[in-house]
2 protein chains.
Amino acid sequence: MAYTYEHPHPAVSVDIVVFTIAEGELKVLLIRRDAAPFEGSWALPGGFVEMNESLRRAAWRELREETGLNAAYLEQLQAFGHPDRDPRERVITVAYVALIPYERFDVQAASDARDARLFNLETLPELAFDHPRILRRACQRLKEKLSDPIIALQLVGKSFTLSELQRVHELILGKPLDKRNFRKKILAEGLIEATGDERRSGPHRPARLYTVKDPSDVPYAPVIKRA
Amino acid sequence: MAYTYEHPHPAVSVDIVVFTIAEGELKVLLIRRDAAPFEGSWALPGGFVEMNESLRRAAWRELREETGLNAAYLEQLQAFGHPDRDPRERVITVAYVALIPYERFDVQAASDARDARLFNLETLPELAFDHPRILRRACQRLKEKLSDPIIALQLVGKSFTLSELQRVHELILGKPLDKRNFRKKILAEGLIEATGDERRSGPHRPARLYTVKDPSDVPYAPVIKRA
DNA sequence: TCTTAGTCGTGTATATAATACACGATACTT
DNA sequence: AAGTATCGTGTATTATATACACGACTAAGA
């Protein structure tokens, strides 16, 4: 089937920068391309927008199809449209940032679809297209938005220690934070509370567990309306 | 001439939200549509992206073509792509925000191309497409970015009084600011300096004029590379 | 059972930034 | 000379951000 237009139309795709915290590091999800161009190299998950779906929904669908992941937090980053960013034809892509806590990171489903892997930001492979640029912007945006407390909460599990949460902030900012000041600020926000349980993880005093007070503040389920 | 693709492609357009300060008010530039759909109603200036130009350049070109204006400050807002936002066909639009000081606002050129007018944000006409939504987001973004001092500086002339600059902030924020605190903060930023001249405008003490210290901080000329 | 190692949890003092607030100075008009 | 309208200025208070150290608690091993 062929589609004909009076004027030339670019193709429109979405690409998703998926961040998660694994092995105590901030990681990004990449998939290995199984077709030209850039066959065999790594790329952000993504694909073409279908004609009857919104951009956001396309991002959500592509992420699910390519990796099996269900993104609760999915925010538009920006559109990238340099004329030669794809060697095949003119492709304008709308980039999204997704945040997924590692405990909801179903690697089974991810590896099922394609060769998908989490990469440390310091040891990235060669990336296809202008994906290095998109990824840099995504990291920048993540930093800028960190003042919104729900960002970091999206990257920890349902219950977490304050040290874990602090580590998330430190990884995103790329610098260490003071423990007492961090706790003072986070607790002053009033979004989280101690569960009463503790986590023990070594030859030292156990850490108190915290959780989000009002789950509607930090949705863990995707908020996507049916098309 | 017809263009054929194997898969359906959406059209891609750019729309520009042009802000300026005129008559002591924050205004947005709209043009009257001279063709269907929404013929006769008002809309954001914009048009389709050509195949060999970047999104940013398309925004710059369309603004120039439709209004004769040369945007120095032109920032991508976000992409809007709901499937039914255009009744003709699927059109994904990338919205930009432009800031143009009124002294560079060449109304001659603007009215030349089409019926173009500045509107107060409180007295808007009916807008075409999803332009009300785009405009709301643009206002929101403008507020968020106001902490960057160059935003307000883009909306005053080459030389300006501190009261003028304060008024720009007040219009964007929609609330009055304290004069002394405002001056303290602005001058602490170190971006502007008194020219030595004064502006006299009524039966009262004249105001000192200020100007940007380093013009490269606040470019008044468009920074667009040739394609 | 005692020592050791390692993270957990906590408070105070200081510096910086944001806010609240009032009045004399100056130019023009009448 | 009096009236009026904006211009320009400083201090006190509050809130926020930063700097900084040590006892509490658990597990492991001697």
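We name chains A, B, ... by the order of the sequence lines, and we start the count at 1 in each one. This structure is a prediction, so every number in the text was calculated from the model and none was measured.
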Please give me the minimum heavy-atom distance between B:L74 and B:A98, naming the atom from each residue.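 Looks like CD1-CB, 3.8 Å.
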Can you see which heavy atom on B:W60 is nearest to which on B:A71, and at what distance?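 Smallest interatomic distance, heavy atoms only, reads CD1-O, 4.0 Å.
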B:S13 and B:T93: side chain donor to acceptor below 3.5 Å: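 Per modelled atom types, B:S13 and B:T93 side chains form a pair under 3.5 Å.
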Is a side-chain donor-acceptor pair under 3.5 Å present for A:R56 with A:Q76?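 No donor-acceptor contact under 3.5 Å links the two side chains.
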Can you figure out which of C:dT12, C:dG9, C:dC21 approaches the side chain of B:N181 most closely?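 Between C:dT12, C:dG9, C:dC21, the one nearest the side chain of B:N181 would be C:dC21.
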Nucleotide [N], atom [atom2] - distance to [atom1] of [X] in whole Å:
X      : N      : atom1 : atom2 : answer
A:K185 : C:dT10 : NZ    : C1'   : 19 Å
A:L187 : C:dT10 : CG    : C1'   : 11 Å
A:R208 : D:dT26 : CZ    : P     : 13 Å
A:L165 : C:dG9  : CG    : P     : 13 Å
B:F182 : C:dT19 : CZ    : P     : 13 Å

Just checking [X]: does its [atom1] atom have more than 12 heavy atoms from other residues, nucleotides or ligands closer to it than 6.0 angstrom?
X      : atom1 : value
B:E193 : CD    : yes
A:E189 : CD    : yes
B:E23  : CD    : no
A:K213 : NZ    : yes

A:I100, A:L69, A:T20 screened by side-chain contact (heavy atoms from CB on, under 4.5 Å) with A:L29, the one that passes: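 When side-chain contact (heavy atoms from CB on, under 4.5 Å) is applied between A:L29 and each of A:I100, A:L69, A:T20, only A:L69 qualifies.
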Do the numbers put B:R117 on top of the ring of B:F119, so that NZ or CZ is under 6.0 Å from the six-membered ring centre and no more than 45° off the axis?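 Relative to the ring axis of B:F119, which defines the angle, B:R117 lies inside both limits.
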Evaluate the side-chain hydrogen bond (donor to acceptor under 3.5 Å, both in side chains) criterion for residues B:W42 and B:D115: first the C-alpha distance (whole Å), next the side-chain angles of each, then the deciding distance (0.1 Å), finally the verdict. CA-CA 9 Å; B:W42 295 88; B:D115 196 1; over 6 Å; no
Any side-chain N or O of B:S163 less than 4.0 Å from the OP1 or OP2 oxygen of D:dT6?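 No, because none of the side-chain N or O atoms of B:S163 sits under 4.0 Å from OP1 or OP2 of D:dT6.
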For a quick test of reading the model: is some side-chain N or O of B:R180 closer than 4.0 Å to OP1 or OP2 of C:dA20?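 No, outside the criterion.
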If a protein heavy atom is under 4.0 Å from the base, mark B; if only from the sugar-phosphate, S; if neither, -; do that for nucleotides 24-30 of chain C going 5' to 3'. BBBBB--
Which part of the nucleic acid, if any, lies within contact of A:R183, taking any heavy atom under 4.0 Å across all strands shown: a base, the sugar-phosphate backbone alone, or nothing?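 Base contact.
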Axis deviation across the helix from C:dT1-D:dA30 to C:dT30-D:dA1, five-pair ends, to the nearest 10°: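 That helix has its two terminal axes inclined by roughly 10°.
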Could you check which residues of residues 167-179 of chain B get a heavy atom under 4.0 Å from DNA chain C? Sort them by number, please.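 Within this stretch, B:D178 sit under 4.0 Å of the strand.
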Side chain B:K184 and base C:dT19 donor-acceptor under 3.5 Å: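 Flag set: donor-acceptor pair detected.
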